[in-house]
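Take a look at the structure below.
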Protein chains: 2
Amino acid sequence: MASHTTLLPKKGRASRVTISDVADALGMTKSTVSRAMNGYPDISESTRLRVQRAAEQMNYQPLSHAQAIKTGQTRSLGLVLQLSDHDAQRPFLAEFLAGLSAGASTKGYTLTVAAADNDTHLSEVFQNLWRDGKADGFILPRAMVKDPRVRLLRDTEVPFVLFGRQADPTGCCWFDIRGEDAMRDAVLHLAELGHRRIGFINGGEIYTYAQLRREGFLAGMAAAGLEIDPKLVAGDSVTRRDGDAAAARLLDAANPPTAIVCAVDHVALGVYRAATDRGLVIGHDLSVTGYDGIEDGSHAQPPLTTFAVDSRQAGVELATLLIRRLSGEAPETLRKTAGATFLDRGSTGPVPNHN
Amino acid sequence: MASHTTLLPKKGRASRVTISDVADALGMTKSTVSRAMNGYPDISESTRLRVQRAAEQMNYQPLSHAQAIKTGQTRSLGLVLQLSDHDAQRPFLAEFLAGLSAGASTKGYTLTVAAADNDTHLSEVFQNLWRDGKADGFILPRAMVKDPRVRLLRDTEVPFVLFGRQADPTGCCWFDIRGEDAMRDAVLHLAELGHRRIGFINGGEIYTYAQLRREGFLAGMAAAGLEIDPKLVAGDSVTRRDGDAAAARLLDAANPPTAIVCAVDHVALGVYRAATDRGLVIGHDLSVTGYDGIEDGSHAQPPLTTFAVDSRQAGVELATLLIRRLSGEAPETLRKTAGATFLDRGSTGPVPNHN
DNA sequence: ATGAAAGCGCTAACAG
DNA sequence: CTGTTAGCGCTTTCAT
């Protein structure tokens with residue numbers, strides 16, 4: 001596709017082609033070239049074209065550091081990671097980074113990553129990255145209900161994009177997956193199979209996705225005309241272990257559920273274990289629906305019913321949104337959600353009649 | 001600890017403290033300040049101190065972009081990811097990034113991450129990052145036996161550090177964990193328990209770690225005076241599924257092993273499954289030793305015998321090594337290995353006598 | 001619509 | 001030892 005770039009120089013860094021080279025080759029001045037490249041309105045269409053063609057042909061690309069010194073923009077997107085159990089165990093991160101990197105690079109952007117240990121440290125990391133011009137804006141993974149990052153960045157007018165939604169959308173751009181729809185569909189699917197006692201295990205309640213998924217579950221129950229038994233609802237479960245514990249509670253209740261909907265995939269795996277420990281067969285004695293998608297399929301047996309989330313695509317979307325934001329687009333126009341695909345891989349079944 | 005940095009400005013980017021500000025405040029010229037900050041030898045100790053104190057106090061930090069335009073150095077470490085099954089499923093990446101970020105930031109460095117899809121794309125990613133001065137050097141995860149990255153970067157004299165060793169060490173810096181020792185110890189441990197038929201399932205053979213671990217296994221067998229049965233040796237297994245398949249082959253052999261050593265942790269999980277499918281009890285009918293450490297313990301039951309690898313620490317080490325390399329230290333002095341801790345969590349046991 | 005010139009924040013000869 | 005003077009590659013007034 002792209003014409004192959006020249007090889008690296010045998011020694012040291014390449015002596016790049018500069019704006020002056022292009023200007024000289026075209027018999028114009030640097031300023032004309034600069035304005036042509038940056039889409040200023042006072043440049044004739046013909047010269048703009050000549051310049052762009054020459055730039056392409058001479059393989060000229062403005063040095064972002066040199067631009068940064070005047071403009072403050074360095075064509076790099078910032079990502080600040082906060083380590084938690086939640087994310088650690090999954091393909092999520094690698095795929096997500098790949099998506100971000102891909103989305104960024106198509107527009108000539110690059111990715112700067114930092115990790116924050118704890119909350120006090122968090123704002124410092126942002127400040128440093130911003131102060132030093134290491135990032136023109138930030139991608140914030142896992143939007144929280146009360147998100148300190150949003151407060152910090154919004155107040156200071158630093159551009160950012162959320163992975164996840166926000167109750168107060170002022171100044172927020174985001175990409176998110178409509179997990180609530182999936183939860184709702186899961187309930188309806190189970191209700192159609194005849195289930196009436198449906199349990200729910202929610203994810204980390206500090207995150208907005210959990211609020212939304214809970215609402216989706218409730219909406220599904222309401223639509224199916226089913227009642228909510230508070231004893232069959234658990235929350236704040238994000239790991240397999242959490243799922244095991246939560247499911248144990250539900251299954252050992254006086255009147256246990258015949259189906260359980262989980263907001264998080266690994267939690268569903270925990271439910272499998274709890275069920276198996278009690279001699280229950282998934283898809284027969286108990287129906288389980290998990291969310292998110294453990295892609296390699298090596299964990300679940302029998303197959304987990306799941307809604308796939310494409311982390312890579314999320315990364316691409318977020319990078320693109322942030323870049324558009326940096327180009328001056330209004331936040332209101334930069335909000336996007338995507339649906340989740342329902343996949344029953346056989347973990348749901350009819351209501352058990354031995355009761 | 002650190003005195004809290006000033007808040008972000010209400011609007012736009014902070015008007016930073018420049019070198020001129022410092023110079024003016026001290027009644028000297030920019031060049032003196034510059035040289036004092038960069039440790040030039042022709043600056044009196046007294047002024048160096050005055051400058052450093054003033055810089056600290058005025059919260060001055062040279063703008064890396066401005067420096068870069070002259071020096072080419074932007075104080076940022078490059079990391080190019082190649083997605084593979086191998087890495088996807090694990091905490092590895094998050095911890096590793098955290099370590100890199102931590103190691104880098106203590107020296108005022110930052111992390112630039114990119115992802116490469118395939119081999120053709122790979123060199124392009126390096127070139128762009130390097131050409132555009134987005135990275136002063138690179139961290140290369142998972143050293144390979146014939147590593148195209150090493151060839152590319154060594155030839156062009158781009159600084160880099162390997163996670164993993166290299167047969168031809170010319171110009172290479174690295175950090176690695178001595179997995180071969182762990183493999184050896186595992187064999188000796190099993191031999192001591194009386195095992196004579198010990199199988200081995202190696203990891204991805206394109207990586208140097210696999211070569212080394214194989215050698216470790218062989219060394220252990222030799223030291224224990226045991227013979228190698230080629231039928232009990234498998235390789236190129238990196239996932240649970242791979243482990244399941246490989247173990248099936250070993251266990252279904254005419255004269256099956258009483259113990260299996262795995263080079264990769266998830267593979268050991270696969271062995272568990274294959275064993276369970278055949279009605280074998282781990283630690284009783286079959287001993288299994290895995291490598292690497294699935295930290296959360298939620299996967300293995302009964303506990304897997306494992307050797308922990310601290311991904312975070314590896315990140316810190318690698319960042320530190322690369323920064324030292326960038327400061328001009330010779331590659332030969334920048335090679336470091338760390339031992340692996342042996343932990344028998346109960347997955348090994350005596351030789352079964354029902355045979 | 002384009003050129004001339006100044007300057008961003010910093011480093012690096014070259015003087016003295 | 002320190003100051004003077006040029007730039008680095010690029011953007012951005014201000015003229016024309």
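Protein chains get the first letters and strands the later ones, always in sequence-line order, with residue 1 at the start of each.
Residue contacts shown for Thr29(B) include a base, since a base heavy atom lies under 4.0 Å away. Base engagement by Ser31(B) is indicated by at least one non-hydrogen atom pair under 4.0 Å involving a base atom. Nucleic acid contact class of Ile69(B) (heavy atoms, under 4.0 Å, all strands): base.
Annotation: proximity of residues 34-45 of chain A to DNA chain D (heavy atom, distance under 4.0 Å) is found for Ser34(A), Arg35(A), Asn38(A), Tyr40(A), numbered in ascending order.
Within the helix from dA1(C)-dT16(D) to dG16(C)-dC1(D), the inter-axis angle between the opening and closing five-pair segments is 30°, rounded to 10°.
Ion pairing between a basic and an acidic side chain is recognised when a charged N comes within 4.0 Å of a carboxylate O; Arg75(B) and Asp132(A) show no such pairing. Of the charged side-chain nitrogens involved, at least one lies within less than 4.0 Å of a carboxylate oxygen, so that Arg154(A) and Asp168(A) count as a salt-bridged pair. Using a 4.0 Å cut-off between charged nitrogen and carboxylate oxygen, Glu45(B) and Arg48(B) count as a salt-bridge pair.
There is no side-chain donor-acceptor pair under 3.5 Å between Ser34(B) and Ser31(B). Between Gln52(A) and Glu56(A), the side chains place no donor N or O within less than 3.5 Å of an acceptor N or O (distance only, hydrogens not considered).
Of all nucleotides in DNA chain C having an atom under 4.0 Å from a heavy atom of chain A, the first and last in 5' to 3' order are dA1(C) to dG9(C). From the 5' end on, the contacts that DNA chain D makes with chain B at under 4.0 Å to a non-hydrogen atom open and close at dC1(D) to dG9(D).
Below 30°, between 30° and 60°, or above 60°: for Trp130(B) and Phe138(B) the angle between ring planes is between 30° and 60°, a tilted geometry. Aromatic ring orientation, Phe175(A) versus Phe163(A): tilted (interplanar angle from 30° to 60°).
Within the structure, every pair that satisfies the side-chain hydrogen bond (donor to acceptor under 3.5 Å, both in side chains) test and touches residues 103-116 of chain A, not counting sequence neighbours, is listed here: Ser76(A)-Thr112(A).
Side chains of Phe160(B) and Ile139(B) form no contact here, defined as non-hydrogen atoms less than 4.5 Å apart.
Annotation: side-chain hydrogen bond (donor to acceptor under 3.5 Å, both in side chains) contacts of Ser46(B) (sequence neighbours excluded): Ser44(B).
Of the two residues near DNA chain D, Lys70(B) and Thr32(B), the one whose nearest nucleotide lies more 5' is Thr32(B).
A cation-pi arrangement is present between Arg142(B) and Phe92(B) under the rule of less than 6.0 angstrom and at most 45 degrees off the ring axis. Note that Arg165(B) lies outside the cation-pi zone of Trp174(B), set by a 6.0 Å cut-off to the ring centre and a 45° limit from the axis.
Proximity of a side-chain donor or acceptor of Arg312(B) to a complementary backbone N or O of Val316(B) within less than 3.5 Å is not detected.
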